[in-house]
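Some notes on the structure that comes next.
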Amino acid sequence: MKKINAEMDSTSLDSNKVLIVYLSRTNNTKAIAEIIHNNVGGTLVALEVEKPYPENYQATVQQVVKENETGYLPPLKTKIDGIQNYDVVFVGFPTWGMKLPPPMKTFLHQYDLSSKTVIPFNTNGGYGEGSSFQTVKELCPNSKVLEGFIIRGGLERDGQYLVIKDEKAKEAEAKVKKWLRKIKVIE
Ligand SMILES: Cc1cc2nc3c(=O)[nH]c(=O)nc-3n(C[C@H](O)[C@H](O)[C@H](O)COP(=O)(O)O)c2cc1C
């Protein structure tokens, strides 16, 4: 049987070669990124767009719908130096409109992750990752994309902002560790 590319080849990971890039509006994805960073090390980078999305939730939803329709890639304020020096790139994002958020699409278009290991992680309002992991795979055709991590975060629509804190952050850490062991990133 063909072995699927779902895990790392070795557990000895050089943290200098690990990049963790995440997009987060209400800090749930940031909380997961920090847990990964605490357990794996590496460089942690928050993705910011040149022109921030509106504060208003509905206005943001509408803007994202339009961007997805037209394929618009919002320019990033964040610049990452020496992407070629990283072997493993974690990419974290919330589900937006059941899709990969446009700024993460910009990142994956802008930076060449060919021959690197790409590891997605997602927080969402309870409806899952939608097509986001599939889109990561499509935008990284020459990368080894490992099994992603999914967890319920907030639901801004209903006034739930940062949920992954206190007891929930502890539960999240246990889940993240289990996943990192499964994909053989940590022992
Ligand atoms: C513009 C927008 C669209 C969203 N669309 C969805 C969605 O389609 N499905 C879902 O489960 N959650 C959706 N959410 C909720 C977020 O995925 C969820 O709150 C996530 O944890 C937010 O991550 P963050 O705190 O890192 O920004 C949406 C949130 C925003 C702001």
Side-chain angles (χ1 to χ4, degrees), residues 5-49 52 76-96 100-101 103-108 110-125 129 132-133 135-137 139-140 143-154 156 160-187:
N5 280 345
E7 56 190 46
M8 296 281 292
D9 294 326
S10 100
T11 47
S12 57
L13 197 66
D14 177 358
S15 66
N16 291 318
K17 305 234 169 235
V18 175
L19 175 66
I20 305 166
V21 180
Y22 68 93
L23 175 77
S24 192
R25 178 175 158 94
T26 47
N27 294 333
N28 292 285
T29 312
K30 181 184 183 192
I32 300 300
E34 287 175 348
I35 292 171
I36 294 170
H37 187 236
N38 286 339
N39 283 278
V40 180
T43 305
L44 186 61
V45 176
L47 219 52
E48 284 183 82
V49 284
L76 301 177
K77 184 171 147 192
T78 309
K79 307 280 175 241
I80 295 164
D81 294 328
I83 193 89
Q84 69 279 2
N85 298 328
Y86 297 102
D87 290 340
V88 176
V89 182
F90 286 87
V91 287
F93 42 81
T95 304
W96 279 4
L100 187 69
M104 193 48 83
K105 288 196 215 164
T106 308
F107 170 75
L108 295 175
Q110 191 173 331
Y111 292 93
D112 182 11
L113 305 184
S114 295
S115 75
K116 300 184 192 304
T117 297
V118 172
I119 314 180
F121 59 101
N122 164 274
T123 75
N124 62 77
E129 80 280 22
S132 64
F133 284 1
T135 303
V136 169
K137 278 191 194 149
L139 295 177
C140 302
S143 311
K144 180 175 173 180
V145 182
L146 301 195
E147 177 190 326
F149 178 79
I150 308 157
I151 195 166
R152 199 187 179 297
E156 197 176 332
Q160 285 176 33
Y161 302 103
L162 176 61
V163 166
I164 303 175
K165 59 178 177 181
D166 307 326
E167 205 48 45
K168 281 261 188 291
K170 281 190 203 151
E171 286 169 24
E173 172 141 34
K175 287 180 185 166
V176 168
K177 281 184 167 171
K178 195 172 168 203
W179 162 66
L180 290 172
R181 279 188 212 108
K182 187 177 177 205
I183 60 172
K184 297 199 168 16
V185 167
I186 61 169
E187 277 184 34

- Query: What is the minimum heavy-atom distance between Val40 and Ser15, and which atoms define it?
  - Reply: O-CB, 3.5 Å

- Message: Let's go through Leu100 and Leu108 carefully: what are the C-alpha distance in whole Å and the side-chain angles of both, what is the deciding distance for side-chain contact (heavy atoms from CB on, under 4.5 Å) to 0.1 Å, and is it a yes or a no?
- Response: CA-CA 11 Å; Leu100 187 69; Leu108 295 175; 4.1 Å; yes

- Query: Using 30° and 60° as the class limits, which term best fits the ring planes of Trp179 and Phe121: parallel, tilted or perpendicular?
  - Reply: tilted

- To the nearest 0.5 Å, tell me how far Asn27 CG sits from Leu162 CG. 6.0 Å

- Taking it one step at a time, do Ile150 and Phe133 satisfy side-chain contact (heavy atoms from CB on, under 4.5 Å)? CA-CA 10 Å; Ile150 308 157; Phe133 284 1; 3.6 Å; yes

- Hey, could you give me the CG/CG distance between Asp14 and Asn85, rounded to the nearest 0.5 Å? 11.0 Å

- Task: Would you mind reporting whether Leu146 and Val118 have side-chain heavy atoms less than 4.5 Å apart?
- Result: no

- Any side-chain heavy-atom pair of Thr43 and Tyr86 under 4.5 Å: yes

- Nearest-0.5 Å distance that lies between atom OH in Tyr111 and atom CG in Leu139: 15.5 Å

- Message: Looking at Thr123 and Gly153, would you say the former's side chain and the latter's main chain have a donor-acceptor pair under 3.5 Å?
- Response: no

- Decide if atom NZ of Lys79 counts as having more than 12 heavy atoms of other residues, nucleotides or ligands within a radius under 6.0 Å. yes

- Closest approach of Gly154 to Val163 (non-hydrogen atoms, all atoms of both residues): CA-CG2, 3.6 Å

- Would you say Phe90 and Val185 make side-chain contact, with heavy atoms under 4.5 Å? yes

- Do Asn122 and Phe93 have side chains that get closer than 4.5 Å, going by heavy atoms? yes

- Item | Worked verdict on Leu13 versus Asp87 for side-chain contact (heavy atoms from CB on, under 4.5 Å) | CA-CA 9 Å; Leu13 197 66; Asp87 290 340; over 6 Å; no

- Do Phe149 and Ile36 pass the side-chain contact (heavy atoms from CB on, under 4.5 Å) test, and can you show the C-alpha distance, the side-chain angles, and the key distance before you say yes or no? CA-CA 11 Å; Phe149 178 79; Ile36 294 170; over 6 Å; no

